[in-house]
Structure formats: structure tokens, C-alpha cells
Protein chains: 2
Amino acid sequence: MSHLSLAQQRLLDAAADAFAEKGFGGTSTRDIAARMGRSSAAVYIHYGTKEELLYAISFQGHQEALAVLREARDAVEDPAAQLWAMVHRFSQWHMVHARRARVVQYEFGALAEEHRAEIRDLRREMSQLTVEVLGDGVASGAFVIADLEGTARAVLSLCIDLVRWFDPGLARNQERVAVLNADLAMRMVASPRTSLEG
Amino acid sequence: MSHLSLAQQRLLDAAADAFAEKGFGGTSTRDIAARMGRSSAAVYIHYGTKEELLYAISFQGHQEALAVLREARDAVEDPAAQLWAMVHRFSQWHMVHARRARVVQYEFGALAEEHRAEIRDLRREMSQLTVEVLGDGVASGAFVIADLEGTARAVLSLCIDLVRWFDPGLARNQERVAVLNADLAMRMVASPRTSLEG
DNA sequence: GTCTATATGTTGATAGAC
DNA sequence: GTCTATCAACATATAGAC
């Protein structure tokens, strides 16, 4: 699965940069090759079509993002601390890997139907994970939430929309934005009586 | 500005549908023409290039979205009511016009530099409008906000990210989602002492 | 305003030398 | 694995008839 050669990973990174900048449809295999300093034929050594390249990027990216959410949850026990960590790290991931994350989030529709189905499963796992944590918080009385699934979606939207505007050059702002998002997510769900705000 | 013939508006709608589905770079002028039942030459009657077509869609869309925010604010006086209405109507707009809104939000990078500069101004106006309302709420004691600009961005993210996943076929959910987003935005900013939650 | 036809360049992908 | 050379299809955009 993740046994990619260095050359292969360089190819994926070049393709992701190009897709993020010009979109999947607006990127030519020559664009990608030029970013690696190679000829366009080099693109087809590891992947048979441009779409397979996109799928590899998308699959790897979704797995990474899902792992980030899982690790954040597993690092702590309290639902409030779990949600805070999840939003903080998920936001960070979307800023640190802004270009790859943009492809992951925006080029779903460019995947072949068979590949879309696989990615859909990974996305569902992310939603379910978030819904579970929100549900645990409601059960413990820490959260007050009327619509679990809608609120989970909204919390993830806060992080995902970063790829639309965040400039990876603004590295200094990353931590500030990640903390802001995590704090805002807490406000969105916290019971008024257990406010953690300063 | 908004003096578009019916044929012209049909062209923009066909182009927006195509761009939303396949991306700007992935859409050919033949795609657009086929959606209108015309030949590809018909695309060039009103606009000289594919990019001009995108700019027309983007400009019109941003103006509409900005007007929606302004009207929501102007309809009421209290900052809390203003913010609720803005998020409610801005969310609605992104769901009702999901395909056009997707082009508006995602194809900024495909615009020519001169056009990007104009669109940037409209986006800045939206941010400023939101920051102002949040600032008024802080001044009146209704809101408690540490980072005005960051929070304004987050509130708009909630609405904008709808275009990534919302299916216009799910018309029944529109009002539910719009109300949820507006309620969540209130939680994000409301002073703990003035909670409006049920 | 719309068509057919077309000029000119670019595209994804492959063949075959090294 | 990487290159050069190439193919057939497709791209944007235009010319000129109706």
C-alpha cells in the first residue's frame, strides 16, 4: 500500500502540485513531467493513466487524513479533549499539506467511478469517527447537540475549507488558525454550563 | 452590468454547469455548446474566450453572494439577528445555486490576473461586512470574540464548504442545513451569558 | 446568431532506441 | 527507467455562408 519508491513519491508530489494549481482537467502530463525535469513519457512508468495518478494521490491523502483524526482521538480520553485535538490536527494537516489536501478535497469528481466508491468509504469513516466523538460528549453531558451528523459535517467543514484559501507560505499563522478552529469547534458543541472559553 | 440577454444567461448557465461538473480546465467549449444544443462556435458569440465566460460567471456570482449578505444584514438591526440572517441566507444561496456557487468558490485560480484582482475586491467586501457585524456584536456585549477576522472567515467557511458536498437534489434538507449553520455560527460567537440556544 | 468547415496547437498515451 | 519521436484525438478559436 504505502511501499512507494522515492521516484514514485516524487511523481505523486509533482502531480499533486500541478492538480492543485490548475485542476485535474487543466493539467497535462507534460506539466507534471516538467515539474520533475523529465519527459512526459516518464509519467507513464508507474501509472498507466492520468486518472490512476489522481487516484493514488487521493487514496494516500484520504488515508493520511483519516489516520490524523484517529491518532488525535486515541491520544486522549475525554470527548472534549478528543474533539479539540481532532480539529486542531485535522486543520494542521490541511494547512501543512495544503496542495495535496486541495486535490484530495476538490478532485473527487474527477475520479473513475470504481475509485470514487473506495474514496467514499474513507470519507464515511471520517464522518463516523467524528459523529462518535460528538455522541460520546453528549452522553457524558459535556456537549449539547441537536443534529449529530450535521454538526460533525460543520466541524469538518471548518478544517477542510482551509485548502480553499490558506497559503502554505503563511507558516507562521498555522498554529494560530488550528487553535482558533479547535476553540470554535468547542463552542459549537459545548454545553453552556461547561464552557472552557477564557 | 446585469443587462444580459436570455441567450446570454443560458450560455452562462450551461458553462457554469459544465465548469462545476468537470472543472474549468476539464471543460471544452464543445461540452458547453452541447448542453445548449448548439455548435461550439455559438460559445464565442458573446464572449471571446473561455476565460471571459468564467469571469462573467464568477463576477455575477460574487455580486449576487455579496448582495445576499448585505440584504440579510440590512433587514434587521441587532448584531445577533444580523449574523443569524447572514449565515442562514448565505448558506441557502450556496445550496440553491450549488453548481454556480461551486464555480464561484473553486475556480478563482483559473481567472486571468486582471480578473482575479476584481474578484478579490468583492471577496474582501464580504469579509469586511462580516467582520463589521461581529465587531458590532462585541461592542454591544452580545458576542465574545478573540479573533474577529479569523472568526469571520470560519463563519463563512461553514457556508462555502456546502458547495463541496451538497446535492441540489436534496432540496428538502436545505432549510434544515441553513438553520443549523446559522445556529452553529451563533454558538461560535455568542457570549455565554446571552446564549440563545434551546 | 447560428451554422459548417477548418486552421493551428495541444492532449493522453505508445513504440522503440539506449 | 528514461529518452525522442510519434499518433490519433481533441482543444481553442476563427472564417465565411446563410
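Each chain gets a letter, A, B and so on, in the order the sequences are listed, and its residues count up from 1.
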Engineer: Find out if a path of hydrophobic residues (ILVMFWY) with successive side-chain heavy-atom gaps under 4.5 Å connects A:L162 to B:L184.
Structural biologist: no
Engineer: Do the side chains of A:E118 and A:R123 get close enough for a salt bridge, i.e. N-O under 4.0 angstrom?
Structural biologist: no
Engineer: Would you call A:R35 and A:D17 a salt bridge, taking side-chain N to carboxylate O under 4.0 Å as the test?
Structural biologist: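 No, this pair does not count.
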Engineer: Rounded to whole Å, how long is the line connecting atom NE2 of A:H46 with atom C1' of D:dT2?
Structural biologist: 10 Å
Engineer: In whole angstrom, what separates A:Q8's CD from D:dT2's P?
Structural biologist: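 After rounding, the gap between these two atoms is 11 Å.
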Engineer: Round to the nearest Å and state the distance from B:I45 atom CD1 to C:dC3 atom P.
Structural biologist: 7 Å
Engineer: Return the set of residues passing side chain to side chain contact (heavy atoms under 4.5 Å, CB included) with B:T49 (not counting sequence neighbours), or none when no residue passes.
Structural biologist: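 With neighbours one apart ignored, the set is B:E51, B:E52.
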Engineer: Atom NE2 in A:H97, atom CG in A:D13: separation rounded to 0.5 Å?
Structural biologist: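 CG of A:D13 is found 10.5 Å from NE2 of A:H97.
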Engineer: Is there any protein nitrogen or oxygen under 3.5 Å from a nitrogen or oxygen in nucleotides 10-15 of chain C, and what are the pairs?
Structural biologist:
| unit_1 | atom_1 | unit_2 | atom_2 | d |
| --- | --- | --- | --- | --- |
| C:dG12 | OP1 | A:T27 | O | 3.0 |
| C:dG12 | OP1 | A:K50 | NZ | 3.0 |
| C:dG12 | OP2 | A:T29 | N | 2.6 |
| C:dG12 | OP2 | A:T29 | OG1 | 3.1 |
| C:dG12 | N7 | A:R30 | NH1 | 3.1 |
| C:dG12 | O6 | A:R30 | NH2 | 3.3 |
| C:dA13 | OP2 | A:Y44 | OH | 3.2 |
| C:dA13 | OP2 | A:K50 | N | 2.9 |

Engineer: Let me know the distance between OH of A:Y47 and C1' of D:dT2, rounded to the nearest Å.
Structural biologist: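 Spelled out: OH on A:Y47 to C1' on D:dT2 is 17 Å.
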Engineer: At under 4.0 Å, does any side-chain N or O of B:S39 touch on OP1 or OP2 of C:dT2?
Structural biologist: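 The answer is no; no side-chain N or O of B:S39 sits under 4.0 Å from OP1 or OP2.
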Engineer: Just jot down the ring pair (Phe, Tyr, Trp, His ring centres under 6.0 Å) partners of A:H62, sequence neighbours excluded, or say none.
Structural biologist: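 If we apply the ring pair (Phe, Tyr, Trp, His ring centres under 6.0 Å) test to A:H62, skipping adjacent residues, there are no hits.
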